[in-house]
Participant: 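Sharing a structure below in structure tokens format, with a few things to ask.
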There are 2 protein chains.
Amino acid sequence: MSTKALRKEEEESLLRRADDLCRQNNLRLTPIRERVYRELVQSGGPVGAYDLVDRLSNEKKRLAPVTIYRALDFLRDAGLVHRLATQNSYVISHGQPDVNAMKIMFVDSKTGETIEVHSTEVAEAVRKAAEQAGFKSVSPFMEVEGEIAH
Amino acid sequence: MSTKALRKEEEESLLRRADDLCRQNNLRLTPIRERVYRELVQSGGPVGAYDLVDRLSNEKKRLAPVTIYRALDFLRDAGLVHRLATQNSYVISHGQPDVNAMKIMFVDSKTGETIEVHSTEVAEAVRKAAEQAGFKSVSPFMEVEGEIAH
DNA sequence: CCGGTTTTAGTACGTTATTACGTAAGATAG
DNA sequence: CTATCTTACGTAATAACGTACTAAAACCGG
């Protein structure tokens with residue numbers, strides 16, 4: 001089976017999962033929202049909001065930035081997409097919602113490539129550090145810059 | 001001793017430390033750079049670049065954003081200041097440079113307050129997770145959003 | 001003092017994100 | 001069905017954040 005086919009299957013799987021998630025939570029995955037999500041899935045990595053504007057626009061219709069930002073806000077609230085603050089870009093959230101794990105997004109400082117890893121060990125260590133510092137209810141998501149080992 | 005006096009002492013201590021660090025590394029803590037650093041110290045928390053522009057400007061002279069950004073770049077390179085990507089703001093770096101520790105900046109999602117914690121345990125757990133994912137030379141700095149336990 | 005480097009300065013510009021306001025489409029109660 | 005309420009989308013303008021480029025002044029080693 002070709003890589004392309006694999007990605008196509010994975011793509012559809014992600015879209016079905018997103019659809020199910022929205023249905024279960026009474027959220028509406030409208031055409032624009034789905035197109036934004038699909039574009040992020042297909043890109044295979046982080047994409048900037050204005051880049052999404054370009055990709056989802058055509059000669060007939062040019063989308064406004066705010067349209068994209070609204071879709072991104074929705075997808076983020078639904079937990080389908082993460083914002084990479086260090087990159088000013090957006091990327092799909094892989095992985096099933098494991099409440100106890102920290103979702104670490106490793107970001108290659110040079111290429112911008114990302115790899116998402118879930119770790120309960122990191123979650124536990126961070127929770128402990130937070131407790132010492134008087135912090136609570138820590139976000140289950142963090143970004144770490146580094147370099148892909150090629 | 002009053003809180004104010006304590007902070008004043010701490011302030012001077014941080015400035016001396018910054019001064020020493022620059023002297024030792026042949027870096028020049030010029031007036032603008034020192035004013036930016038001092039402002040960050042006095043604020044006691046993260047401050048945006050344009051906020052710094054306002055605070056360090058007066059009727060006679062209005063600084064350009066680029067002036068502040070240059071000073072911030074210098075201070076960041078020197079390790080005296082961190083950029084909080086999630087907040088688009090800048091905050092002084094506490095603590096001594098322990099190579100093995102992860103510098104975690106806990107950011108209160110509501111107030112923007114920050115607490116810096118160094119943890120070798122988190123560093124180790126992250127390093128392990130990175131290794132699994134094929135990552136290396138991970139940044140010793142990360143941001144975690146949460147809430148201060150009051 | 002000279003010549004190279006670093007620092008400051010200023011304008012303009014590019015990129016990212018939000019606000020404000022109006023309209024349309026969908027759900028819901030009467 | 002229709003009046004109403006909510007949610008989503010369209011449009012325009014603007015705010016907020018950051019950089020490129022150019023030029024002049026300050027610093028420093030020889």
Side-chain angles (χ1 to χ4, degrees), chain A residues 18-19 22-23 25-40 43 46-78 80-91 107 109 112 143, chain B residues 18-19 22-23 25-40 43 46-78 80-91 107 109 112 143:
Chain A
D19 211 71
C22 289
R23 225 177 287 281
N25 293 88
N26 248 323
L27 302 172
R28 294 192 293 186
L29 193 60
T30 62
I32 288 191
R33 291 166 179 174
E34 184 176 337
R35 285 172 65 201
V36 169
Y37 185 66
R38 185 182 295 275
E39 190 61 43
L40 286 172
S43 83
V47 184
Y50 276 69
D51 206 346
L52 288 168
V53 170
D54 291 339
R55 297 192 196 185
L56 298 183
S57 293
N58 53 43
E59 300 79 22
K60 301 190 175 187
K61 184 139 194 70
R62 174 148 192 97
L63 297 178
V66 69
T67 302
I68 299 297
Y69 280 107
R70 282 194 283 238
L72 288 172
D73 286 345
F74 169 86
L75 293 168
R76 288 213 281 157
D77 287 347
L80 292 167
V81 163
H82 289 308
R83 170 174 142 82
L84 297 182
T86 59
Q87 311 283 110
N88 288 333
S89 65
Y90 303 83
V91 66
V107 183
S109 305
E143 237 167 298
Chain B
D19 212 71
C22 290
R23 225 178 287 281
N25 294 86
N26 249 324
L27 302 173
R28 293 193 293 182
L29 193 61
T30 61
I32 287 193
R33 293 167 178 174
E34 183 175 338
R35 282 172 67 201
V36 169
Y37 185 67
R38 185 183 295 273
E39 191 61 42
L40 286 172
S43 83
V47 183
Y50 277 67
D51 205 346
L52 287 168
V53 170
D54 291 340
R55 297 193 197 185
L56 298 182
S57 293
N58 53 44
E59 299 81 20
K60 301 191 174 188
K61 185 143 194 66
R62 173 146 193 100
L63 297 179
V66 69
T67 302
I68 299 298
Y69 280 108
R70 279 191 286 248
L72 287 171
D73 285 345
F74 169 86
L75 294 168
R76 287 212 282 157
D77 287 347
L80 292 166
V81 163
H82 289 307
R83 171 175 143 79
L84 297 182
T86 59
Q87 311 285 110
N88 289 333
S89 65
Y90 303 83
V91 67
V107 182
S109 306
E143 243 167 292

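Below, all heavy atoms of this structure are taken into account, side chains as well, without hydrogens, waters or symmetry copies. Just so it is clear, the model here is predicted, and its values are computed rather than measured. Every chain is numbered from 1, with letters handed out A, B, ... down the list of sequences.
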Participant: Please state how far atom CG in A:Leu56 lies from atom C1' in D:dC9, giving the value in whole angstrom units.
Facilitator: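 Going from CG in A:Leu56 over to C1' in D:dC9 covers 15 Å.
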
Participant: Can any side-chain N or O of A:Arg35 pair as donor or acceptor with the backbone N or O of A:Leu56 at less than 3.5 Å?
Facilitator: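 Here the side-chain-to-backbone pair exists.
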
Participant: C:dT7 phosphate, OP1 or OP2: any side-chain N/O from B:Thr30 under 4.0 angstrom?
Facilitator: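 No, outside the criterion.
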
Participant: Can you see which heavy atom on B:Leu72 is nearest to which on B:Ala49, and at what distance?
Facilitator: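 So the two residues come closest at CD1-CB, 4.1 Å.
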
Participant: On DNA chain C, compare the nucleotides closest to B:Ala64 and B:Pro31; which residue's is nearer the 5' end?
Facilitator: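 Final value for this comparison: B:Pro31.
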
Participant: Measuring from the side chain of A:Lys61 (C-beta onward, heavy atoms only), which nucleotide among D:dA8, D:dG10, C:dT11 has the closest atom?
Facilitator: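 Out of D:dA8, D:dG10, C:dT11, the nucleotide with an atom closest to A:Lys61's side chain is D:dG10.
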
Participant: Whole Å only: how far is the CG atom of A:Leu27 from the P atom of D:dT6?
Facilitator: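 About 18 Å, once rounded to whole Å.
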
Participant: For A:Gln87, check side-chain hydrogen bond (donor to acceptor under 3.5 Å, both in side chains) against everything at least two apart and list the hits.
Facilitator: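 For A:Gln87, no residue satisfies side-chain hydrogen bond (donor to acceptor under 3.5 Å, both in side chains) once neighbours in sequence are set aside.
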
Participant: Between the protein and nucleotides 23-30 of chain D, which nitrogen or oxygen pairs are less than 3.5 angstrom apart?
Facilitator:
from, atom 1, to, atom 2, distance (Å)
D:dC27, O3', B:Arg28, NH1, 2.9

Participant: Is there side-chain contact between A:Thr67 and A:Val36, with heavy atoms separated by less than 4.5 Å?
Facilitator: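 Not touching, per the 4.5 Å side-chain cut-off.
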
Participant: Round to a whole Å and report the spacing from CD1 of A:Ile68 to P of D:dT11.
Facilitator: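 About 13 Å, once rounded to whole Å.
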
Participant: Please give, in whole Å, the distance from C:dT8 C1' to B:Phe74 CZ?
Facilitator: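 Nearest whole value for this atom pair: 14 Å.
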
Participant: To the closest 0.5 Å, what do you measure between CG (B:Leu63) and CD1 (B:Ile32)?
Facilitator: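 So the CG of B:Leu63 and the CD1 of B:Ile32 are separated by 6.0 Å.
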
Participant: Would you compute the distance between atom CG of B:Asp51 and atom CG of B:Asn88 and round it to the nearest 0.5 angstrom?
Facilitator: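 Here the interatomic distance stands at 12.5 Å.
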
Participant: Tell me: CG of B:Asn26 to P of C:dT7, nearest whole Å?
Facilitator: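 Value for this atom pair: 11 Å.
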
Participant: Could you grab the distance from atom OG1 of A:Thr86 to atom CD of B:Glu143, nearest 0.5 Å is fine?
Facilitator: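 Between atom OG1 of A:Thr86 and atom CD of B:Glu143 there are 8.5 Å.
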
Participant: If the helix axis at each end comes from five base pairs, how far does the helix from C:dC1-D:dG30 to C:dG30-D:dC1 deviate from straight, to 10°?
Facilitator: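 For the helix from C:dC1-D:dG30 to C:dG30-D:dC1, the axes at opposite ends meet at about 30°.
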
Participant: How many whole angstroms separate atom CG of B:Leu84 from atom C1' of D:dA16?
Facilitator: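 Rounded to the whole Å, the gap is 17 Å.
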
Participant: Just the rounded figure in Å: distance from P of D:dT7 to CZ of A:Arg33.
Facilitator: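 A:Arg33 atom CZ is separated from D:dT7 atom P by 11 Å.
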
Participant: With sugar-phosphate meaning primed atoms plus P, OP1 and OP2, does B:Leu63 contact a base, only sugar-phosphate, or nothing at under 4.0 Å between heavy atoms?
Facilitator: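 The answer is nothing, as B:Leu63 stays clear of every strand by at least 4.0 Å.
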
Participant: Whole Å only: how far is the CG atom of B:Leu72 from the C1' atom of D:dC17?
Facilitator: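 Rounded to the whole Å, the gap is 12 Å.
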
Participant: Quick one: does B:Tyr50's side chain get under 4.5 Å of B:Ile68's, heavy atoms only?
Facilitator: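 When only atoms from C-beta onward are counted, B:Ile68 and B:Tyr50 do not touch, as no gap falls below 4.5 Å.
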
Participant: Check whether B:Arg76 reaches the backbone of B:Arg83 with its side chain - one donor and one acceptor, N or O, closer than 3.5 Å.
Facilitator: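 Side chain of B:Arg76 to backbone of B:Arg83: no pair is present.
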
Participant: Side chain to side chain donor-acceptor pair (under 3.5 Å): which pairs involve residues 56-65 of chain A, sequence neighbours left out?
Facilitator: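 Non-adjacent pairs meeting side chain to side chain donor-acceptor pair (under 3.5 Å): A:Asp54-A:Arg62.
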
Participant: Report the residues that fulfil salt bridge (Lys or Arg N to Asp or Glu O under 4.0 Å) with A:Asp77, sequence neighbours left out, ordered by chain and then residue number.
Facilitator: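 By the salt bridge (Lys or Arg N to Asp or Glu O under 4.0 Å) rule, A:Asp77 matches no residue at all.
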
Participant: Base, backbone or nothing for each nucleotide of nucleotides 14-20 of chain C, written B, S, -, heavy atoms under 4.0 angstrom, 5' to 3'?
Facilitator: --BBBB-

Participant: Could you measure the distance from the SG atom of B:Cys22 to the CZ atom of B:Arg33? Nearest 0.5 Å is fine.
Facilitator: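 One gets 8.5 Å once the value is rounded to the nearest 0.5 Å.
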
